[in-house]
Every structure is written in structure tokens, then in C-alpha cells.
Amino acid sequence: FFERQTELVDFFEHLRHESESGLIEKARDMGYNHQNRSAEDIFGDMFRHFHEQQQFNIWANVDLTLLQIKNGCFVKIRTRDEIVDFEVPAGVANGQQFIVPEKGGFIGEQRGNLIVNIRQINHPMFMRSNEHLHTKISMDALDMFLGKDIEISMLDDRKKTITIPKNSNPQSYIVVQGEGLPDMNG
């Protein structure tokens, strides 16, 4: 019934302003045969068509490590018809979705979209909170009282020396600047 999804949006705009007879006239103008059809039949056909459009979109889950999320990466996504190269930007969020236009399935000659869903793989040492990474360090009480320089592993396995200040308590946070995830929004 609708050639394009934009026609569906236009049709909904007209729904707010036209009476039932006006709706039937609009449907006829758009090429729909409304003879002996109620408004419910017209809407049923319209929503059925919209549902068909949704069915030819393809969803793909992409599982990423925290390091891939930090650096961004390229992944290959296999659809029914092809392999799609997709660039994952640095700093993506778990559950974030991207739409790759016209890389989904076909209905007739129309092609749907590929919808890429990002899934973060849990890291054994680091936990994510937005663009911040958290980890726990085991220390004895004397080192916390006196303070100490210790070496810790970063996300990319580099070693970095940090200073535990004197009189630290077990719930203290030490901030290591520049070692979190990039903010995708700037």
C-alpha cells in the first residue's frame, strides 16, 4: 500500500486533521482501493504493511571487549546475503544500536536496514561506569597507612605505577587520568 515509509509518516500527519471520509479520500489518492472498506480495514492493511517493512530489517549482535570499545574497531557482520564491514566507534555503550541503511533483507526490490546492537563482554578485572573504568586492588593495612607505590595493569596490559597516599582507607579511589574510555559524544 505504501511505497515508502515516508508516505506512512505523511499519512499519519493527515490522520490528525481529517475525518473518516477524508481519510478514505486520502487513501484513494495514494492508490488504495477503499470500496466497501471501513476505516478499520484501511488501518489494518496499513499496519500490516508497516509490519512487513519491519520484518526485512536484520538485527545483528556484536560482542566487544572493553579494549575494542576503548579503541574502536572494525567488525565483519554476516547477513543472509553478504558480509558487511562495520566500523565501531570508540567509546560505544553496551546496548547501543546503529542502523546501517539498505544492508538488511529484501522484500521485492526494497531492501531493509541492518541494525547493529553492541554487547559488551564482561572483563575479569575492570568494571565500566559510563566512560570510567573501575578495578579493585588488594593491599595490607600497613601499606595503606604508610602509603606505597604499586604497579597495576591497564586495560591494554601496560603496567603503570600509581601512588597510594598515606592514611588511605579501604574504600579509597585513586584516579588514573586518561586510562578510561573515550566519550562518544565529544
For [X], all residues meeting side-chain hydrogen bond (donor to acceptor under 3.5 Å, both in side chains), sequence neighbours excluded:
X      : result
Asn122 : none
Gln171 : none
Asp63  : Arg119
Asn61  : Asn117

Show every ring pair (Phe, Tyr, Trp, His ring centres under 6.0 Å) that has at least one partner inside residues 66-86, sequence neighbours left out. Phe86-Phe98
Only distances under 3.5 Å count here; give the side-chain donor-acceptor pairs of residues 66-73 to other protein atoms, sequence neighbours excluded, each with its distance to 0.1 Å.
residue, atom, partner, partner atom, Å
Gln68, OE1, Thr65, N, 2.8
Gln68, OE1, Thr65, OG1, 3.4
Asn71, ND2, Leu67, O, 3.4

Which residue pairs pass the salt bridge (Lys or Arg N to Asp or Glu O under 4.0 Å) test with at least one member in residues 86-96, sequence neighbours excluded? none
Going by the salt bridge (Lys or Arg N to Asp or Glu O under 4.0 Å) test, which pairs reach into residues 125-136, not counting sequence neighbours? none
Which pair of heavy atoms, one from Val92 and one from Pro89, lies closest together, and at what distance? CG1-O, 3.0 Å
Looking only at heavy atoms, what is the nearest atom pair of Met125 and His123, with distance? N-ND1, 2.9 Å
Measuring only between side-chain heavy atoms, which start at C-beta, is Leu114 closer than 4.5 Å to Val116? yes
Is there side-chain contact between Val176 and Lys160, with at least one heavy-atom pair below 4.5 Å? yes
Is there a path from Met184 to Leu64 through hydrophobic residues (I, L, V, M, F, W, Y) whose side chains come within less than 4.5 Å of each other? yes
With Ile77 as partner, the option from Val62, Ile58, Ile83 fulfilling side chain to side chain contact (heavy atoms under 4.5 Å, CB included) is Val62
Salt bridge (Lys or Arg N to Asp or Glu O under 4.0 Å) filter on Glu102, not counting sequence neighbours, yields none
Point-to-point distance, once rounded to the nearest 0.5 Å, from CZ of Phe126 to CG of Leu181: 10.0 Å
CZ-CZ distance between Phe106 and Arg80, expressed to the nearest 0.5 angstrom: 11.0 Å
Please check if the side chain of Asn113 supplies one atom and the backbone of Ile99 the other of a donor-acceptor pair under 3.5 Å. no
Return all side-chain donor-acceptor pairs below 3.5 angstrom for residues 150-158, not counting sequence neighbours, or 'none' if the list is empty.
residue, atom, partner, partner atom, Å
Ser153, OG, Lys159, NZ, 2.5
Asp156, OD1, Arg158, N, 3.2
Asp156, OD1, Arg158, NE, 3.0
Asp156, OD2, Arg158, NE, 2.7
Arg158, NH2, Glu179, OE1, 2.6
Arg158, NH2, Glu179, OE2, 3.1

Members besides Met127 in its Ile/Leu/Val/Met/Phe/Trp/Tyr cluster (side-chain heavy atoms under 4.5 Å): none
Which side-chain N or O atoms in residues 137-149 pair as donor and acceptor under 3.5 Å with protein atoms at least two apart or in another chain?
residue, atom, partner, partner atom, Å
Asp140, OD1, Leu142, N, 3.2
Asp140, OD1, Asp143, N, 2.8
Asp143, OD2, Lys148, NZ, 3.4
Asp149, OD1, Thr163, OG1, 2.7

